[in-house]
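Down below is the structure, laid out as structure tokens.
Along the sequence shown, residues are numbered consecutively beginning with 1. Quick caveat: nothing in here was measured; it's all calculated off a predicted structure. Hydrogens, waters and symmetry mates are skipped; everything else that's a heavy atom, side chains included, is used.
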Amino acid sequence: MTAPPRVLTVAGSDSGGGAGIQADLKTMLALGTHGMSVVTAVTAQNSLGVQGFWELPAEAVRAQYRSVVDDIGVQAVKTGMLASAELVETVADLLAGTDAPAVVDPVGVSKHGDSLLAASALDSVRTKLLPVATVATPNLDEVAQLTGVEVTSEDDLRRAAAAVLAYGPQWVLIKGGHLRGDAVDLLTDGSEEHVLRAPRHDNRHTHGTGCTLASAIAAQLAKGQSVPEAVAAAKEYVTEAIAAGFALGDGIGPVDHGWRFRGA
Ligand SMILES: Nc1ncnc2c1ncn2[C@@H]1O[C@H](COP(=O)(O)OP(=O)(O)OP(=O)(O)O)[C@@H](O)[C@H]1O
Ligand SMILES: Cc1ncc(COP(=O)(O)O)c(N)n1
């Protein structure tokens with residue numbers, strides 16, 4: 001049998017299974033790829049929030065990455081929660097030495113407002129991680145943290161994209177999921193621009209949207225799609241996953257990574 005395309009996520013574990021490594025691996029399977037993981041931190045997390053997290057030593061992150069890349073090989077990499085400046089810099093160095101495209105989701109704060117990245121790591125994200133990204137996928141809070149640009153309407157998305165592109169990623173996808181109205185995202189490399197618009201689903205069970213979108217982009221890139229094709233396909237996948245998000249626990253439930261298997 002021919003092996004499916006190989007995709008690697010470098011991210012934190014979400015014990016509740018809705019975001020982080022767990023979301024990434026489910027998404028990669030749903031999109032027909034072989035998912036692999038480098039765990040950067042372990043969170044104790046559920047539908048109510050993040051109760052605690054423990055970061056792994058840089059040496060453990062580097063060793064996992066080398067184990068995967070040097071033997072199995074990767075056709076795309078996705079990064080998520082990196083927790084500290086040391087891990088951001090470690091991962092940026094590893095990506096710089098890898099040929100595969102990298103989707104960088106600069107995770108800062110969880111849906112519940114729990115910080116997943118030290119404030120002291122922001123500068124490393126700007127100067128080390130963003131420059132090695134094929135596509136960076138910040139949400140509006142992350143755009144504000146990284147660039148100071150506040151997005152309050154669709155008209156501000158272009159200004160936000162230019163501010164992120166100034167740090168050097170090839171493409172940026174500004175996620176407008178936190179705006180009102182349609183769920184509108186803007187993808188640009190500074191010359192081409194693609195507006196991705198989907199109906200807003202009135203569903204509070206949206207835990208893991210950002211992780212799911214970024215790993216879906218990585219899976220589509222591993223299958224050989226261009227960045228605009230991969231982002232369009234990933235947007236369709238996440239929109240249906242949000243529509244099918246379900247209640248778990250007493251708080252915010254996850255998007256449904258397996259909506260295709262359930263005939264949603
Ligand atoms: N209610 C919704 N209905 C449809 N699409 C949505 C909704 N909320 C977010 N999206 C879309 O989901 C994707 C992820 O965007 P979002 O802004 O939620 O990312 P995020 O904040 O990084 O996610 P996370 O909450 O996992 O950190 C984007 O394509 C966004 O437009
Ligand atoms: C390990 C990990 N990575 C990323 C997120 C962000 O996802 P969300 O904003 O949906 O909580 C998270 N909560 N946990």
Side-chain angles (χ1 to χ4, degrees), residues 18-19 23-24 27 78-81 103-113 116-117 122 125-126 129-130 133-167 169-218 220-221 226-245 252 254-257 259:
D24 298 340
T27 299
K78 175 252 164 170
T79 70
M81 174 187 180
V103 181
V104 168
D105 186 15
V107 172
V109 176
S110 86
K111 192 135 278 159
H112 292 91
L116 299 173
L117 181 74
L122 284 175
V125 173
R126 292 184 193 102
L129 189 62
L130 290 178
T134 309
V135 195
T137 64
N139 68 20
L140 300 185
D141 297 328
E142 290 151 0
V143 167
Q145 265 192 324
L146 291 167
T147 69
V149 174
E150 300 281 348
V151 176
T152 54
S153 72
E154 256 182 75
D155 296 340
D156 299 328
L157 292 174
R158 199 164 291 139
R159 205 159 45 85
V164 177
L165 279 181
Y167 288 111
Q170 287 172 37
W171 292 84
V172 65
L173 176 69
I174 306 286
K175 297 176 293 191
H178 299 193
L179 290 172
R180 286 161 191 241
D182 284 350
V184 180
D185 309 331
L186 177 70
L187 173 71
T188 176
D189 65 353
S191 54
E192 268 179 54
E193 197 178 272
H194 303 265
V195 175
L196 296 111
R197 186 178 295 275
R200 174 167 301 276
H201 291 294
D202 185 18
N203 181 355
R204 72 188 286 256
H205 303 301
T206 55
H207 180 50
T209 49
C211 304
T212 302
L213 178 64
S215 46
I217 296 170
Q220 296 301 118
L221 290 174
S226 68
V227 169
E229 287 168 343
V231 171
K235 172 79 172 171
E236 280 177 32
Y237 171 76
V238 79
T239 301
E240 292 305 317
I242 292 167
I252 301 176
V255 302
D256 187 0
H257 304 98
W259 62 267

Under the side chain to side chain contact (heavy atoms under 4.5 Å, CB included) criterion, do Leu196 and Leu187 qualify, and how do the steps go? CA-CA 8 Å; Leu196 296 111; Leu187 173 71; 3.9 Å; yes

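- The main-chain N or O of Ala214 is never found under 3.5 Å from a side-chain atom of Asp105 such that the two would form a donor-acceptor pair.
- Between Glu142 and Gly108 the shortest heavy-atom distance is OE2-N, 3.2 Å.
- Using a 4.5 Å cut-off on side-chain heavy atoms (C-beta onward), Thr209 and Ile242 make contact.
- Residue Trp259 holds its CH2 atom at 9.5 Å from OG1 of Thr239, rounded to the nearest 0.5 Å.
- Residues Val104 and Ala133 share a closest heavy-atom pair of CG2-CB, 3.6 Å.
- Looking only at side-chain heavy atoms (C-beta outward), Val109 and Asp141 stay at 4.5 Å or farther from each other.
- Shown here for Gly245 and Asn203, the closest heavy-atom pair between the two residues is O-ND2, 3.0 Å.
- Checked by atom type and distance alone, the side chain of Arg126 never pairs as donor or acceptor with a backbone atom of Tyr167 at under 3.5 Å.
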Stepwise side chain to side chain contact (heavy atoms under 4.5 Å, CB included) check, Val107 with Leu117: CA-CA 7 Å; Val107 172; Leu117 181 74; over 6 Å; no

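- Under the 3.5 Å distance criterion, the side-chain polar atoms of Arg200 are matched with a main-chain donor or acceptor of Leu179.
- Annotation: the span from Lys111 atom NZ to Asn139 atom CG amounts to 8.5 Å, rounded to 0.5 Å.
- Evaluated for a side chain to side chain contact (heavy atoms under 4.5 Å, CB included) with Leu186, the options Arg197, Arg158, His194 yield exactly one hit, Arg158.
- Taking each heavy atom of Lys235 and Ala183 in turn, the nearest pair found is NZ-O, 3.0 Å.
- Of the inter-residue distances, the one linking Ile174 atom CD1 with Thr147 atom OG1 reads 7.5 Å to the nearest 0.5 angstrom.
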Begin with the C-alpha distance, continue with both residues' side-chain angles, and end with the deciding distance and a verdict on side chain to side chain contact (heavy atoms under 4.5 Å, CB included) for Lys78 and Cys211. CA-CA 9 Å; Lys78 175 252 164 170; Cys211 304; 4.0 Å; yes

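- Note that CG of Leu140 and CD of Gln145 are 12.0 Å apart. Values are rounded to the nearest 0.5 Å.
- Atom CG in Asp189 sits 9.0 Å away from atom CD in Gln170 (nearest 0.5 Å).
- Counting heavy atoms from C-beta on, the side chains of Val184 and Leu157 come closer than 4.5 Å.
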Applying side chain to side chain contact (heavy atoms under 4.5 Å, CB included), run through Val103 and Thr134 and close with a yes or a no. CA-CA 6 Å; Val103 181; Thr134 309; over 6 Å; no

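- Glu192 and Pro228 make their closest contact through OE1-CG, 3.8 Å (heavy atoms, listed as atom of the first residue, atom of the second, distance).
- Leu146 is listed as a side-chain neighbour of Pro106, based on a closest heavy-atom distance under 4.5 Å.
- Taking each heavy atom of Val143 and Val149 in turn, the nearest pair found is CG1-O, 3.7 Å.
- Under the 3.5 Å distance criterion, the side-chain polar atoms of Asp182 are left unmatched by any main-chain donor or acceptor of Pro199.
- Considering OG1 of Thr206 and NE2 of His178, their distance stands at 7.5 Å, rounded to 0.5 Å.
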